[in-house]
Amino acid sequence: MDKFTKLTAVAAPLPIVNCDTDKIIPARFLKTLTRTGLGKNLFDPLRYDPETGEENPDFVLNKPAYRNAEILVAGHNFGCGSSREHAPWALLDYGIRCVISTGFADIFYNNSPKNGILLIKVSPEELDKLMEGAERGANATMTVDLENQEITNADGEKVSFDVDPFKKHCLLNGLDDIGLTLQKETSIESYEEKQKASEPWLYA
Amino acid sequence: MVSGPKTLFDKIWESHLVDQQDDGTCLVYIDRQLIHEITSAQAFDGLRQSGRKARRPEANLCVPDHNVPTTPGRGGTDEIEDDESRIQLEVLEKNAAEFGLPYISINDERQGIVHVIGPEQGFTQPGVTLVCGDSHTATHGAFGALAFGVGTSEVEHVLATQTLIQRPAKNMRITVNGSLPAGCTAKDLVLAIIGKIGTAGGTGHVIEYAGPAIEELSMEGRMTVCNMTIEAGARAGLVAPDEKTFEYLKDRPQCPKGAQWEAAVEHWRTLPSDPGATYDIEVELDVSEIVPQVTWGTSPEDEIGITGEVPDPASVDDANRRSAMERSLEYMDLKPGMKMTDIAVDKVFIGSCTNSRIEDMRAAAEIAKGRKVADSVYAMVVPGSGLVKIQAEEEGLDKIFTEAGFHWREPGCSMCLAMNGDMLHPGERSASTSNRNFEGRQGPGGRTHLVSPMMAAAAAIAGHLADVRDLID
Ligand code: SF4
């Protein structure tokens with residue numbers, strides 16, 4: 001997993017509430033066997049005309065100013081619906097490394113940092129300001145500094161944010177969860193011994 | 001740790017803690033994992049790349065469901081025409097063999113949707129932690145199992161370590177009073193709940209469903225309710241195990257037998273929440289007066305009684321909500337004030353992990369019996385598993401459906417999501433017993449109205465959304 005430390009990039013505004021993972025990457029693109037290659041279908045239903053397949057010029061990531069966005073400023077409850085990790089994979093493959101919103105759905109919230117994507121929760125007032133900043137377009141960039149837990153908006157104003165300390169540690173160092181968990185293998189073994197004695201039917 | 005009275009969730013959570021860090025991060029033991037073809041290939045790849053094995057192969061169960069064709073008389077994996085789908089199934093089969101995991105093939109009569117076969121096989125049991133790379137894993141909470149959907153990285157994590165890194169959820173209880181009126185089912189009940197609390201209403205929580213209306217539900221009905229928990233944003237849904245739960249599980253292939261069964265039941269009886277246990281959020285509703293529910297928009301919270309009209313965004317104060325409604329109505333091609341029963345449908349889908357169990361088949365067949373599907377409608381019934389299909393056929397339900405003009409299919413996820421050939425075309429509209437009416441969920445440009453199996457059958461016959469109560473007496 002790639003580290004996330006500090007990012008200065010274009011932020012795209014996506015003020016859709018309840019943006020679900022079927023919108024982020026529809027099911028028909030889930031037949032892939034790899035984690036890469038999904039970026040071209042990120043936000044497919046919004047980005048392309050369903051009948052002609054042509055780009056929808058009104059969609060934010062199709063506008064020249066935002067094609068290189070690496071940050072999304074999104075509406076509430078982003079990433080709800082299906083558990084598909086293809087959603088963070090598609091975001092990452094497109095080049096998005098950070099999503100800012102007032103709230104994220106739980107599974108998406110868990111999946112994203114495992115792929116090096118930082119999710120930041122802010123208050124509704126802060127989101128309004130950041131959305132305004134994002135709407136300024138390509139010449140205006142934002143900076144997200146994970147170490148100091150601070151966003152610098154396009155107008156230079158700072159917004160600080162909270163982050164789960166464990167997720168922060170993993171993101172800053174690009175750490176893989178499984179490796180960390182396996183360091184606790186003896187605890188897992190003793191848990192299993194105990195459970196085998198009290199609920200033997202689970203081991204039949 | 002909670003001291004004093006505990007909730008069902010607290011009990012399962014605490015009994016599965018392997019380790020707890022100072023920052024509150026927990027390592028939780030996972031007893032069971034269901035695996036399907038869409039969200040697993042990259043997990044197995046990860047294991048291979050790091051030279052890791054599956055820690056407890058027998059704690060997993062693999063089955064293909066999302067991608068399988070449901071065409072009558074479909075053959076084996078090698079006969080699947082779509083290359084990508086076939087390869088995905090082959091890869092699952094190969095991975096299961098390589099890592100030594102139990103696997104149910106497409107030809108096996110036990111094959112079906114993960115969330116239908118888990119309980120059917122007795123793989124799902126009260127008090128266990130169960131995960132699957134699928135958000136509707138919440139279904140298994142109907143048995144008092146802590147069951148939740150995970151991403152592919154977590155599928156890999158569970159395979160390698162039999163644990164997950166988690167933070168505790170909060171407790172929420174929804175008490176459902178009253179008794180469901182005729183024509184209303186578990187589906188209508190849960191749609192009414194989502195309409196009340198919203199699609200983010202349960203975020204960060206585990207919802208325990210309680211109250212007389214929940215106790216009254218069959219296991220099938222409880223599964224329908226827990227299944228849609230994720231549509232309310234919650235991590236998991238739970239119903240306290242009771243005699244109905246034990247009755248359902250007794251003699252299932254993977255359930256304990258003899259003295260072990262007795263010991264298990266004794267343990268399961270200790271699981272229900274203690275009297276006086278407290279919840280972070282409490283919600284109460286009465287379902288005695290509800291009417292059959294139907295969705296009008298592109299989020300499951302966009303629901304209304306069938307006797308209602310398409311709502312008017314102009315009447316909503318919240319600007320965000322108003323613009324979301326406007327967008328939904330535009331996508332759905334509906335005008336405010338239209339009567340719900342005036343909305344014509346092109347396709348009807350009875351199936352999915354929400355509503356494809358035997359009770360759902362029976363309910364739909366009762367409405368279909370002796371009636372005909374409207375000429376303008378294509379209607380399909382897709383049982384949730386091979387075993388449901390066999391039982392339905394033994395009861396003659398397939399005949400009732402085919403005589404009425406419904407198509408009777410092989411088990412799978414089918415038109416719940418557009419990836420196996422069963423789908424809506426741009427502009428087409430469905431009445432569907434599935435769980436998501438998101439834009440494009442059933443096909444690009446497709447429009448979905450969520451309903452119960454009875455309501456779906458009624459729509460198929462009428463050619464438009466219809467009040468099933470007019471067909472029952
Ligand atoms: S039936 Fe639908 S919701 Fe259920 S597992 Fe299959 S695709 Fe997911």
Side-chain angles (χ1 to χ4, degrees), chain A residues 15-18 20-23 26-28 30-35 44-46 50-51 75-77 80-89 103-108 110-111 114-115 164-166 176-182 184-185 187-188 190-192 195 198-204, chain B residues 18-19 21 23 25 27 29 31 38-39 41-42 45 50 52 66-67 84-85 87-88 91 125 128 133-135 137 149-154 156-157 160-163 165 167 199-200 203-204 230 233 235 256 260-261 263-264 267 299 320-321 324 417-419 426 436 438-441 444-445:
Chain A
I16 300 174
V17 177
N18 297 332
D20 56 74
T21 52
D22 279 82
K23 262 196 203 101
R28 62 186 188 285
L30 308 191
K31 297 186 181 181
T32 169
L33 300 168
T34 60
R35 289 174 151 99
D44 195 279
L46 305 170
E51 279 170 73
H76 190 64
N77 199 26
C80 62
S82 153
S83 67
R84 61 189 68 155
E85 199 160 323
H86 306 69
W89 296 338
F104 300 92
D106 282 337
I107 302 176
F108 180 79
N110 265 335
N111 283 341
K114 295 190 197 317
N115 294 283
D164 178 303
F166 180 70
D176 147 48
D177 282 2
I178 298 180
L180 289 172
T181 297
L182 286 174
K184 300 192 175 136
E185 202 164 358
S187 307
I188 300 174
S190 60
Y191 178 88
E192 285 173 339
Q195 195 189 41
S198 62
E199 294 166 65
W201 58 88
L202 293 176
Y203 292 79
Chain B
V18 173
D19 185 64
Q21 294 174 20
D23 66 6
T25 308
L27 190 64
Y29 196 77
D31 298 313
I38 305 302
T39 54
Q42 293 86 349
D45 246 4
S50 47
R52 290 174 180 140
H66 284 63
N67 245 341
E84 289 173 304
S85 297
I87 293 168
Q88 233 175 11
V91 166
Q125 293 170 14
V128 301
D134 188 285
S135 59
T137 309
V150 296
T152 301
S153 297
E154 292 178 304
E156 182 182 341
H157 198 278
T161 70
Q162 212 59 44
T163 64
I165 298 170
R167 292 188 146 259
T199 49
T203 305
I230 184 73
R235 275 197 216 171
Q260 289 273 305
W261 169 260
H267 171 65
S299 167
N320 277 333
R321 178 71 189 140
L417 87 176
M419 69 181 306
R436 289 194 171 132
F438 296 162
E439 287 181 28
R441 170 76 179 185

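Every chain is numbered from 1 and lettered A, B, ... according to where its sequence line falls, protein lines coming before strand lines.
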Requested in this report: Begin with the C-alpha distance, continue with both residues' side-chain angles, and end with the deciding distance and a verdict on side-chain contact (heavy atoms from CB on, under 4.5 Å) for A/K184 and B/Q21.
Outcome: CA-CA 11 Å; A/K184 300 192 175 136; B/Q21 294 174 20; 3.2 Å; yes
Query raised in the report: Hey, mind stepping through B/E154 and A/S83 against side-chain contact (heavy atoms from CB on, under 4.5 Å) and telling me if it holds?
Result: CA-CA 11 Å; B/E154 292 178 304; A/S83 67; over 6 Å; no
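No other option in B/Q162, B/H66, B/E84 has as many heavy-atom pairs under 4.5 Å with chain A as B/E84. Interface summary for chain A: among B/T137, B/I230, B/N320, B/T25, the most heavy-atom pairs under 4.5 angstrom belong to B/T25. The residue among B/S299, B/A264, B/A324 with the most heavy atom pairs within less than 4.5 Å of chain A is B/A264. Comparing B/L417, B/T39, B/I38 by heavy-atom pairs within less than 4.5 Å of chain A, the highest count is held by B/I38.
Using a 4.0 Å cut-off between a side-chain N of Lys or Arg and a carboxylate O of Asp or Glu, A/E185 and B/R52 do not qualify as a salt bridge.
Looking at every heavy atom in both residues, B/M419 comes nearest to A/R28 through CB-CA, 4.2 Å.
Heavy atoms closer than 4.5 Å to chain A are found in the side chain of B/H267, but not in its backbone. With a 4.5 Å cut-off on non-hydrogen atoms, A/L180 does not touch chain B at all. Proximity to chain A is limited to the backbone of B/A418, based on heavy atoms less than 4.5 angstrom apart. For chain B, no part of A/A204 is nearby; none of its heavy atoms comes within less than 4.5 Å. Looking at A/L30, the atoms closer than 4.5 Å to chain B (heavy atoms on both sides) sit in the backbone and in the side chain alike. Of the two parts of A/P200, the backbone and the side chain both hold a non-hydrogen atom closer than 4.5 Å to a non-hydrogen atom of chain B. Heavy atoms closer than 4.5 Å to chain B are found nowhere in A/D44, neither backbone nor side chain. Of the atoms belonging to A/N110, it is side-chain heavy atoms, and not backbone ones, that fall under 4.5 Å from chain B. Both the backbone and the side chain of A/Y203 come within contact range of chain B, each with at least one heavy atom under 4.5 Å from a heavy atom of that chain.
Put simply, the side chain of B/E439 never gets that close to the backbone of A/P45: no donor and acceptor are under 3.5 Å apart.
Rounding to the nearest 0.5 Å gives a distance of 3.5 Å between CD1 of B/I165 and OG1 of A/T181. Atoms CG and CD, from B/D31 and A/E192 in turn, are 9.5 Å apart once rounded to the nearest 0.5 Å. For the atom pair CG (A/D106) and OG (B/S135), the distance works out to 11.5 Å, reported to the nearest 0.5 Å.
Residues passing the side chain to side chain donor-acceptor pair (under 3.5 Å) test with A/T34, sequence neighbours excluded: A/T32.
Annotation: side chain of A/E51 is not in contact with side chain of B/P444 (no heavy-atom distance under 4.5 Å).
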